[in-house]
Amino acid sequence: MKKHNFNPGPAILPKEVLENTAKAVIDLDNSGLSIMEISHRSKEFENILNETVELFKELLNIPSGYHVLFLGGGAHTQFYMVPHNFLNTKAAYLETGEWAQRAIKEAQKYGEVNIVASSKDKNFTYIPKGWTIPTDVDYFHITTNNTIFGTELRYDIESPVPLVADMSSDFCSRPIDVSKYSLIYAGAQKNVGPAGVTIIIIKEDFLNSKQVQNRVMPLMLDYKVHVKNNSLFNTPPVINIYVVNQTLKWLKSIGGVAEIEKINLEKAKILYEYLDNSKMFVGTVVKEDRSIMNVCFVMRPEYKEKEEAFLEFAKQKGIVGIKGHRSVGGFRASLYNALPLESVKYLIQVMDEFERNNK
Ligand SMILES: *Cc1c(COP(=O)(O)O)cnc(C)c1O
């Protein structure tokens, strides 16, 4: 049976990306060698790496003066690598969910953290409003999409201090104005590839002028070392970068981030519309802050005991990955770039069928 993959991450990848990767695992471009068997310093791999950087620059319209890096360790490594490099005395963070909280906890090991605003009071079901960014901080950190709770900051904010963003779960889902950011990081496994590589877009000027001096700086933690070595200081996650390369080629082939945003908006729109009209299911997030990547919903109180039965029903219908995170419960449908509109329509049909059968 065809599977409809709503996994929150690692998540669905385009079929042609999987097919091309399968080929490259056996024989990379008729070289007689696997992508896993070649040197990261070979011409073949350097071409792939440089092409991937160029694809990001093109797709996200990255201005000059920025570097694109591929590092290991996931977004969790960025949670401490950012303050290690840039938190001199104080930083500001927006507390919008569990990933933001983890970033905050790591930053607190380096200095004072000013939590500018938080939506913890209502289990992160909204994005805080009306806050001001302090000007006496080294940087301001945001999480653009809150994967677990289903809220999203779908615009580029203006910041008087260097802006740092964890974009792991909405990276490349919409056009962004990179010039507003000093550092963007994203684990690949939500929208642009497999787990194991993190993409960092860093502003040269920020790195040169704001990196903390007088701190013990292991080479692997130093962004300057990675910039200088074009992500080849140590052995980078070679095959993961290959998959990112293929995913970006796919994205480009369908029209880039502006085009994928239209499709993403349509996917989210039809699912939220269904939820708003359903008597059984209900979304958990305030309307204006709804994520177009992760749609969180539960059953209304009078149907609550049917949640398990729906999960089982959906599973039998080939729907994968819709169980909600334990801190929200219910369900979460992740509608990342590679998930086709057709799968969202199918999910709605299955929800509707269940609703009609269980009135
Ligand atoms: C998934 C996710 C993370 C965690 O990423 P790892 O690669 O597992 O470290 C961090 N932030 C956000 C927004 C995420 O969606």
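Remember, it's 1-based here, ligands and their atoms both numbered in the order they're listed. For the numbers below, each heavy atom of this structure counts, side chains included, while hydrogens, waters and symmetry mates do not. If you're wondering where the values come from, they're calculated on a predicted model, not measured in any experiment.
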Quiz item: Taking any residue with a non-hydrogen atom under 4.0 angstrom from an atom of ligand 1, which ones do you get?
Solution: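 Its neighbours under 4.0 Å (heavy atoms only) are G74, A75, H76, F79, W99, T143, N145, T147, D166, S168, S169, Q189, K190, given by chain and number.
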Exercise. Applying ring pair (Phe, Tyr, Trp, His ring centres under 6.0 Å) between F331 and each of F313, F297, F6, report the one that passes.
Key: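 When F313, F297, F6 are each tested with F331, the ring pair (Phe, Tyr, Trp, His ring centres under 6.0 Å) holds only for F297.
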Exercise. Could you label the plane-to-plane angle of the F354 and F310 rings as parallel, tilted or perpendicular, counting under 30° as parallel and over 60° as perpendicular?
Key: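 Perpendicular: the ring planes of F354 and F310 meet at over 60°.
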Self-check item: Proximity of Y66 and Y181 rings by center, below 6.0 Å
Solution: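 Centroid separation for Y66 and Y181: 6.0 Å or greater.
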Practice problem: Answer with yes or no after comparing the ring centroid distance for H141 and Y93 against a 6.0 Å cut-off, counting only values under it. | Solution: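 H141 vs Y93: aromatic centres under 6.0 Å.
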Exercise. List for me each residue that meets salt bridge (Lys or Arg N to Asp or Glu O under 4.0 Å) alongside K224, sequence neighbours excluded, and say none if there are none.
Key: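 Residues passing salt bridge (Lys or Arg N to Asp or Glu O under 4.0 Å) with K224: none at all.
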Exercise. From the options N5, I263, I12, select the one residue that forms a side-chain contact (heavy atoms from CB on, under 4.5 Å) with P340.
Key: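 Considering N5, I263, I12, a side-chain contact (heavy atoms from CB on, under 4.5 Å) with P340 is found only for I12.
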